[in-house]
Amino acid sequence: MIPARLLPLCAEAAATVDPAAEVDTLVPTNNAAHGDYQWNFAFRLAKARKENPRALAERLVGSFAGKPGIAAASVAGPGFINLKLDDAWLAASLREQVAEAACGVPQSGEGRTLILDFSSPNVAKRMHVGHMRSTHIGHVVGNLHRAAGWTVIGDNHIGDWGTPFGKLIVAWDEWRDEAAYAADPVGELERLYVKFGDATNLKENPGLDPAAVATLNDRSREETAKLQRGDARNRALWEDFRAKSLQEYEAVYRRVGVQFDVVLGESAYGPMTDEVVRGLREAGLVEASEGAMIIRLGNQVSVVQKKDGAATYTATDLACVKYRVERWNPAKMVYVTDIRQAQHFANFFAIAGKWGYTAELVHLGFGMLKLPEGAMSTRKGNVIRLVDLLDEAVARARAVVDEKSAIFPDEERAAIAEAVGVGAVRYQDLVQAPGTDITFDWARMLAMDGNSAPYLLYTRARATSVKRKAAEAGVPSPDLANLRFDHPLERELALTLLRFPEAVEAALRTAAPNLAADATYRLCEAFNRFYFELRVLEGGDARDSRLALVEATDRVLCFALRLLGLRVLERL
Ligand code: ARG
C-alpha cells in the first residue's frame, strides 16, 4: 500500500523507469535516521526483469531530485529506497488532511454498499459477552467503511426462528412463572429453555421417564411446525418473546451507542428457504442423502435441509444473501461472529459463490472474552447481564473521577464516568487482533496510562485544554500554514498524524479494528512526548507552529475516537 498522498510522487518517479509498472508497497521505516518510508519498488521490478536492483534503485533515486515532496532519497541494502519527506510538503499535506471531513481517508468506497451483519443475538436468551464483542467490533468496522465513503447497512441478524421456539412454547405451557416473566422476561425465558433441556436430557438425567421425554420432544416439534404454519397462538407467543428480548437488547445498544439500519432475523428468511433449496437443486448443487439435502465441498458436507424438511442455518444464510443482493446490491458483506463459526461461513461462502453470488463475503471471527472468576456479580446465577457489566465499569470509573476530579459538578462526573466506563469495555473488545482470546482485566481497561480508553480520552482532553488556555491568553488561533519543525518531536507528531489515514485503510482492508486502535494509541503517545518535552504556550517563536500541531492533533484524535465509537470528552 502506498499512502494516498505519496502515490502521485512515487508514480511519477516509477514512470521514469517503467511507465507500465505498478507502484506497490511503501513501508514506514523504524528508524527516522533512515528516512520516513522505505520503498521496495526497484527491488521487485529488477527481480522481475532480472536486472541489478541496486542499479535500478540508483536510477530511480535520481529521478526524485528536484521534485517537491521528497527531501532525500537514498539506496539502502540490495536495492531498497529510503525516502524522507520534505518538511514543507509534510506541513501542507497535514493542513489539507485536517481540512477534509474524512480526515485524509481515501474515498475508496464511493458508490459501494457494505452489509454489516453484526451483534445478532439469539432471542429469548441473554445477550452474552460474545454478542457484545460482535456489537463493538462490528460497529467500528461500519465506521471505518463509512469514513472511506461506503454506504453501510447495519443489520442485526437475530436468531429468532426454528426449533428453540417449539421447546420454549412447551416449556411455557408446562412451567411458566408469569410474575417472573413480568419482572425479567429474558431471565424467565432462559430459565424455561434450560428447564426444557434438563427435562429431555436422558444422558445427564438417567432418572427421567423415556416416554415422557419422547412426548415433550414430539410436542416441541409439533409447536415449531404450528408456529411455522402461522398458528395464531404460537405466533402471538413468539412475537411477545421476541419483542421482550429486543427491548432488553435495546437498552444495551442505547448504552453503547449502537444503531442498526435493519433488524432482519432468521425469521425473515424462514419463508424463503424452500425456494432456496429448490434453486440450489436446479443449479445442480445439492444431492439427496438419507432424506436430507446436502452439498459436498471437498471433504466438507453442508446440510441445507434436514430429514424432517426443516431448513438449516446454512439455508437461512443463503436465503439472506439472495435477499440482500436483490435489495441492496452490496459490493461486500461482513459477518461478525465468534470465530468458532468459521467453518460454517467458509462453507456457506463457497456455496454462495458456486450459486453465482459475486459480492465479497467476509467472516470476521473473534476470540473469546474470558471473565475474571468471581469478580462479577453472581446474583443472577452464572449469567452476567451486560447491563450489570457496564454498570460495574461505570461505577469503577466513577470512583476514580470522584477521587481525581472532585471539583467537577456531580452531573459532569456522572457523564464522564459513563463515557469512560462504557468506553473502557468497548475498547478492550477492539484493542487486540479480533481472532485472539482476551481476558477481562479491570485494571488494564481503566488505567490512565497504557493502551486504554481512559488514556486516549485523557490525551484528547489535554490537547483541548492547551487550546483553551491559548484562547484564554488571547493567542490568535493557529494557522497550519505556519507549521515548521524545529524539533524532531514536532516532526514525529506531524508524521504520525499524516499516517493515521493509512491505518484506517489497513484496518478496513483487513477487517481489523485493532489497527485503528493501535494507530490512535501511537498518535496519543507521539502527542504526549511532544507535550511533555516542549512547552507549547511558552514556545517563543515556535509557539504558533506548536499550537497549530495541537490543533491538528485535536482534529485527528477526535476523528479517531469517534471512529472507535468512544465518546469524546472536554475534560476528565
Ligand atoms: N445468531 C448467531 C449467534 O448468536 C449469529 C448470526 C450471525 N449472522 C449470520 N448471518 N449467520 O451465534
Side-chain angles (χ1 to χ4, degrees), residues 101-102 105-123 127 131-161 242 246 249-250 252-254 256-273 276 313 316-338 341 344-345 348-349 352-353 355-366 426 429-430 434 504-505 507-513 516 562-565:
V105 177
Q107 298 302 290
S108 55
E110 245 159 40
R112 305 172 80 199
T113 298
L114 165 76
I115 309 291
L116 184 61
D117 184 309
F118 74 122
S119 193
S120 311
N122 298 323
V123 307
M127 207 202 282
H131 297 117
M132 184 176 69
R133 293 210 74 194
S134 174
T135 306
H136 287 145
I137 293 171
H139 184 209
V140 176
V141 169
N143 288 349
L144 290 165
H145 282 79
R146 266 183 222 101
W150 288 73
T151 299
V152 178
I153 308 288
D155 185 359
N156 191 359
H157 186 90
I158 55 175
D160 62 351
W161 204 234
R242 187 178 182 275
L246 284 175
Y249 304 158
E250 200 43 55
V252 175
Y253 295 140
R254 217 173 307 124
V256 299
V258 170
Q259 280 159 355
F260 300 93
D261 298 287
V262 286
V263 181
L264 284 171
E266 293 179 20
S267 68
Y269 306 103
M272 305 176 198
T273 48
V276 165
Y313 192 43
T316 306
D317 265 331
L318 287 165
C320 176
V321 163
K322 182 170 182 290
Y323 175 87
R324 287 172 177 167
V325 168
E326 281 161 13
R327 178 162 172 194
W328 291 291
N329 188 26
K332 173 152 109 171
M333 299 186 217
V334 174
Y335 298 78
V336 189
T337 78
D338 189 319
Q341 293 191 34
H344 161 72
F345 284 102
F348 125 68
F349 290 173
W355 201 21
Y357 288 98
T358 54
E360 185 190 354
L361 301 174
V362 179
H363 177 230
L364 204 181
F366 52 80
R426 162 185 281 271
D429 276 337
L430 301 173
V504 174
E505 269 196 299
L508 187 157
R509 196 165 21 87
T510 58
R562 293 202 179 102
L563 210 54
L564 297 171

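Computed from heavy atoms alone, side chains included, the values below leave out hydrogens, waters and symmetry copies.
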Indicate the atoms forming the closest heavy-atom contact of [X] with [Y], along with that distance.
{"X": "P121", "Y": "N156", "result": "CD-OD1, 3.5 Å"}
{"X": "A148", "Y": "L508", "result": "CB-CD1, 3.6 Å"}
{"X": "H136", "Y": "D429", "result": "ND1-OD2, 2.7 Å"}
{"X": "A331", "Y": "W150", "result": "CB-CZ3, 4.0 Å"}
{"X": "E360", "Y": "V362", "result": "OE2-CG2, 3.7 Å"}
{"X": "N143", "Y": "G565", "result": "ND2-N, 4.2 Å"}

Identify every side-chain donor-acceptor pair in residues 263-271 under 3.5 Å, counting partners at least two apart or on other chains, and give the distances.
{"from": "S267", "atom 1": "OG", "to": "D160", "atom 2": "OD1", "distance (Å)": "3.3"}
{"from": "S267", "atom 1": "OG", "to": "D160", "atom 2": "OD2", "distance (Å)": "2.8"}

Min side-chain heavy-atom separation [X]-[Y] under 4.5 Å:
{"X": "L116", "Y": "I153", "value": "no"}
{"X": "V252", "Y": "M132", "value": "no"}
{"X": "P330", "Y": "L114", "value": "no"}
{"X": "V262", "Y": "R327", "value": "yes"}
{"X": "V276", "Y": "W355", "value": "yes"}
{"X": "H344", "Y": "D317", "value": "yes"}

I would like to know whether D155 and D261 meet side-chain contact (heavy atoms from CB on, under 4.5 Å); could you show each step before the answer? CA-CA 6 Å; D155 185 359; D261 298 287; over 6 Å; no

Going from [atom1] on [X] to [atom2] on [Y], what distance comes out if it is rounded to the nearest 0.5 angstrom?
{"X": "T510", "Y": "E505", "atom1": "OG1", "atom2": "CD", "answer": "11.0 Å"}
{"X": "S108", "Y": "R509", "atom1": "OG", "atom2": "CZ", "answer": "10.0 Å"}
{"X": "H157", "Y": "N122", "atom1": "NE2", "atom2": "CG", "answer": "9.5 Å"}
{"X": "H139", "Y": "L563", "atom1": "NE2", "atom2": "CG", "answer": "9.5 Å"}
{"X": "R146", "Y": "T151", "atom1": "CZ", "atom2": "OG1", "answer": "9.5 Å"}
{"X": "M127", "Y": "I158", "atom1": "CE", "atom2": "CD1", "answer": "10.0 Å"}

Are the side chain of [X] and the backbone of [Y] linked by a donor-acceptor contact shorter than 3.5 Å?
{"X": "Q259", "Y": "R254", "answer": "no"}
{"X": "T273", "Y": "T316", "answer": "no"}
{"X": "R426", "Y": "V256", "answer": "yes"}

Distance-only side-chain donor-acceptor flag, S119 / Y249, under 3.5 Å: no

Check V140, V258, L364, V334 against F118 for a side-chain contact (heavy atoms from CB on, under 4.5 Å) and give me the one that passes. V258

Check whether the ring centres of F349 and Y335 lie less than 6.0 Å apart, and answer yes or no. yes

Apply ring-ring contact (aromatic ring centres under 6.0 Å, His included) to H363 and list each qualifying residue two or more places apart in sequence or on a separate chain. F345

Contacts satisfying salt bridge (Lys or Arg N to Asp or Glu O under 4.0 Å) that involve residues 107-118 (not counting sequence neighbours) are D117-R324

